[in-house]
Amino acid sequence: MTRPQLALLGLAGLAAVAVVAGALYVLKPADRPRASFPEVTVAPGLQIGGPFTLTDHRGRRVTERDFLGRFMLIYFGYTYCPDVCPMELTTMIEAIDRLGVAGSRVVPILITVDPARDTPAALADYVTLFDSRLVGLTGSEADIAAAAKAYRVVYAKAKGEGGADYLMDHSAFLYLMGPDGRFRAMFRHGAKPEELAAAIAQNLGD
Ligand code: NI
């Protein structure tokens, strides 16, 4: 995709998420400091995340309970993504590296929005290109739809693409979930690794 198309996709994704999430972009109460870039301010009480049952890149069925005790840094994308996803995954890994020892408490996770092509084997090939800590998750169309709904992620096959060589439109936020499995913070894509690392560090308290 061209840069203008990507920008439009980003805007469309933001608009769609805002519609889905309703009052997503509502400021936190005045007595709490406003989140700084790249953190997205989320309306208090807005439910983001929840139970999921998916298959990891080793072919193992996993749920959110398998990650209890560690933070999850979750990104929804797909392995055929030509630009945004690989950049964002690279940023995630670099940000976790920058956290040093604290970074070992954070599991980077890619949940595919393209389960038709992103089989566990395809994910295994892909995630190892980035980092051995990166976990790829896939599942049936219904599994992925349920996980995406829980995280208010919107995705769809791009129009005008034929055959097996298609692109996916998808919202591109990062989600930080706490060791209790609960939502901690949400970040815009496109941050520099040091910006993302700082934003994650602010939310690493138990
Ligand atoms: Ni992408």
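We count ligands from 1, going down the list as the structure has it; atoms in each ligand are counted the same way.
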Y175 and R184 side chains, donor-acceptor separation under 3.5 Å =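 There is no such pair between these side chains.
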If we ignore angles and hydrogens, is there a donor and acceptor under 3.5 Å between the side chains of T79 and D118?
-> yes
Pairs meeting criterion salt bridge (charged side-chain N to carboxylate O under 4.0 Å, His left out) with involvement of residues 135-148, two or more places apart = R61-D143
Nearby protein N/O/S atoms (those under 2.8 Å) for the Ni ion (ligand 1), with water ignored |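 Listed by chain and number, the atoms are C81 SG, C85 SG, H170 NE2.
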Between F52 and R65, is there a cation-pi geometry (under 6.0 Å to ring centre, at most 45° from the normal)?
->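 R65 over F52 ring: no.
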Would you mind reporting whether V84 and Y75 have side-chain heavy atoms less than 4.5 Å apart?
-> yes
Minimum heavy-atom distance E39-N203, with the two atoms named |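 The pair with the smallest heavy-atom distance is OE1-ND2, 3.1 Å.
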